[in-house]
Amino acid sequence: MSTTRLYAIIRLRGVVGTPKDVEYTLRLLRLTRKFHCVIYPATPAIEGMLERAKDWITWGEIDLPVLAQLLKTRGRIVGDKPLTDEYVKKVLGFENIDALAKAIFENKVFYHKLEDYGIKPVFRLHPPSKGFKGSIKKPYKDGGELGYRGRDINDLLLRMM
């Protein structure tokens, strides 16, 4: 469809001390808890929301293999059951999870809109293995963990799956 970038957005900080406007923005992004991850296309509206909540989240462009692995390992359907190839084929009509990941990556399907088909829009991740490399109160460019990190989000996602 288009070559719009696809963002993986992860909430790294909790709820204590969060300003009301930031908490509202995070709720709109469906990031209600620490270590929740969502997938959205990079639109001006989403980028404005990311800028508002930049001190509580990190984000970057996700790669296709990482997206496929995220769907396989942390994707869930209603009832907290894992997302399977059979479910994807029966309900969505894609051959398998890899085909779904490719369609999401090419923006033919929006992951956050698959909620109508029983697929949960939020990925619940583990804390990163070997911990964070920097402070969760500093921007990524200053040696911390918050804010925009580009393609480096893929390394963090792999450590959190």
Is there a chain of hydrophobic side chains (I, L, V, M, F, W, Y, each step under 4.5 Å between heavy atoms) that links [X] to [Y]?
| X | Y | result |
| --- | --- | --- |
| I136 | Y148 | no |
| Y117 | F123 | yes |
| L28 | V22 | yes |
| I62 | I97 | yes |
| L50 | V122 | yes |

Going by heavy atoms in the side chains, are [X] and [Y] under 4.5 Å from each other?
| X | Y | value |
| --- | --- | --- |
| L157 | L125 | yes |
| I57 | L146 | no |
| V109 | F94 | yes |
| E145 | T58 | no |
| Y24 | M49 | no |
| Y111 | L6 | no |
| I10 | R149 | no |
| Q69 | L158 | yes |

Calculate, to the nearest 0.5 Å, the distance between atoms [atom1] and [atom2] belonging to [X] and [Y] respectively.
| X | Y | atom1 | atom2 | result |
| --- | --- | --- | --- | --- |
| L70 | N154 | CG | CG | 10.0 Å |
| L64 | K102 | CG | NZ | 7.5 Å |
| I77 | L114 | CD1 | CG | 12.5 Å |
| K120 | K81 | NZ | NZ | 10.5 Å |
| I9 | I153 | CD1 | CD1 | 9.0 Å |
| I104 | F110 | CD1 | CZ | 10.5 Å |

Salt-bridge contact D152-K133 (side-chain N to carboxylate O under 4.0 Å):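 No, this pair does not count.
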E86/K90 ion pair, N-O < 4.0 Å: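 Result for this pair is no, no salt bridge flagged.
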Stepwise side chain to side chain contact (heavy atoms under 4.5 Å, CB included) test for L12 and F132: CA-CA 10 Å; L12 297 181; F132 289 111; 3.8 Å; yes
Minimum-distance pair of heavy atoms, taken over all atoms of W56 and P19: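 So the minimum-distance heavy-atom pair works out to CH2-CD, 3.5 Å.
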Closest non-hydrogen atom pair, E61 against R151: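 Looking at all heavy atoms of both residues, the closest pair is CB-NH1, 3.4 Å.
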N/O donor-acceptor pair under 3.5 Å between D142 side chain and G144 backbone: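 No; judged by distance alone, with no hydrogens or angles, the pair does not exist.
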Which residues share a side chain to side chain contact (heavy atoms under 4.5 Å, CB included) with K137, sequence neighbours left out: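 Side chain to side chain contact (heavy atoms under 4.5 Å, CB included) list for K137, sorted by chain: R13, S135.
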Side-chain donor-acceptor pairs under 3.5 Å in residues 29-48, sequence neighbours left out?
from : atom 1 : to   : atom 2 : distance (Å)
R30  : NH1    : H112 : O      : 3.3
R30  : NH2    : E115 : OE1    : 2.9
T43  : OG1    : I46  : N      : 3.3
E47  : OE2    : R5   : NH2    : 3.0
E47  : OE2    : Y7   : OH     : 3.0

Test applied, side chain to side chain contact (heavy atoms under 4.5 Å, CB included); reference residue, I119; option that passes from V78, L83, L71, V91: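 Result: among V78, L83, L71, V91, L83 is the only option passing the side chain to side chain contact (heavy atoms under 4.5 Å, CB included) with I119.
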